[in-house]
Amino acid sequence: MANPTTYFGWVMPTATDLVTDLPADFNVFGQGVDTSMQDLLGGTTGQVLSKASNTNMDFAWIEQDDTTISFNAQTGTTYTLVAADSAKLVTTSNASAVIVTIPSGVFSAGNIINVQSIGVGLTTISGASVTITSTGATSAAPILRARYSAASIICTASNVFTVIGDIA
């Protein structure tokens, strides 16, 4: 049983070992794999696996760094949000009014989508079989107040959204 693997050093049974002491040899091999992979266990939603040091197989679960934001630029007069828009900034840019629609059954509680109107056409946030609440003049269909206004769409429950921000 002195046949270590190149990268991990796991003790591998030799051909002779497999004939003479198979159960015990597989137990030793399995324990070696289990011990070296133990840092891969655990973690919670939102965490990512990261190297803890320069030592091989030394990992730790850490909170994901959310210091950057991705963009999704839209130039048409209508856009229906998609799951990939969660945690992004959706920008709308058109000379005419723009309607951003929140679809049913796409987002989960805690998802946040940011929207900014960068064109001169005002952007309305509407829903397709969802409930929207806001302080807008029409609470179920808030409108971004002016060019460069922004708002966050927060999914608070299944198909229930709150829109907060610079809305009219």
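Below, all heavy atoms of this structure are taken into account, side chains as well, without hydrogens, waters or symmetry copies. Please read all numbers here as calculations on a predicted model, not as lab measurements.
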TODO: Over all heavy atoms of both residues, which pair between Thr91 and Ala73 is shortest? Give the atoms and the distance, please.
DONE: OG1-CA, 3.2 Å
TODO: Would you please say whether a donor-acceptor pair under 3.5 Å links the side chains of Ser126 and Thr124?
DONE: no
Open item on the list: For the CG atom of Leu89 and the OG atom of Ser70, what is their distance to the nearest 0.5 Å?
Closed with: 10.0 Å
Task: Qualifying residue, where the test is side chain to side chain donor-acceptor pair (under 3.5 Å) with Tyr79 and the options are Thr101, Thr92, Thr123, Asn72 - done: Asn72
Task: Minimum-distance pair of heavy atoms, taken over all atoms of Ile167 and Ser134 - done: CD1-CB, 3.7 Å
TODO: Rounded to the nearest 0.5 Å, what's the gap from OG on Ser93 to CZ on Arg147? Could you check?
DONE: 7.0 Å
Task: Sub-4.5 Å side-chain heavy-atom contact between Ser117 and Val98 - done: no
Open item on the list: Please say yes or no: joined through hydrophobic side-chain contacts below 4.5 Å, possibly via intermediate residues, are Val120 and Ile118 part of one cluster?
Closed with: no
Task: Nearest-0.5 Å distance that lies between atom CG in Asp85 and atom OG1 in Thr80 - done: 10.0 Å
Open item on the list: Give me the atom names and distance for the closest heavy-atom approach of Ala150 to Leu144.
Closed with: C-CD2, 3.9 Å
Open item on the list: As an exercise, state the distance from CD of Gln74 to OG1 of Thr78, rounded to the nearest 0.5 Å.
Closed with: 9.0 Å
- [ ] Identify the heavy atoms of Gly127 and Val130 that sit nearest to each other, and give their distance.
- [x] CA-CG2, 3.5 Å
Open item on the list: Applying a strict under-4.5 Å side-chain criterion to I, L, V, M, F, W and Y, I'd like to know whether Leu81 and Val106 cluster together.
Closed with: yes
- [ ] Under the side chain to side chain contact (heavy atoms under 4.5 Å, CB included) rule, what do Val48 and Ile62 come out as? Steps first, then yes or no, please.
- [x] CA-CA 6 Å; Val48 294; Ile62 62 169; 3.9 Å; yes
- [ ] Could you tell me whether a side-chain N or O of Asn159 sits under 3.5 Å from a main-chain N or O of Gly105, the two making a donor and an acceptor?
- [x] yes
- [ ] Using atom types as modelled and distance alone, determine if a side-chain donor or acceptor of Asn114 lies under 3.5 Å from a backbone N or O of Ser152.
- [x] no
Open item on the list: Between Thr162 and Thr133, is there a side-chain donor-acceptor contact under 3.5 Å, judged purely by atom types and distance?
Closed with: yes
Task: ILVMFWY network linking Val90 to Tyr148, side-chain heavy atoms under 4.5 angstrom - done: no
Task: Hydrophobic cluster identity match, Ile125 and Ile164, side-chain contacts under 4.5 Å - done: no
Open item on the list: Consider side chain to side chain contact (heavy atoms under 4.5 Å, CB included). Of Ile99, Ile143, Asn94, which one does Leu122 pass it with?
Closed with: Ile143
Open item on the list: For Ile69 versus Lys88, what's the shortest heavy-atom pair and its separation?
Closed with: CD1-C, 3.8 Å
Task: Pairwise side-chain contact, Phe107 with Ile113, heavy-atom cut-off 4.5 Å (strictly under) - done: yes
Task: Taking every non-hydrogen atom, the tightest pair across Pro142 and Ser139 - done: CD-O, 3.7 Å
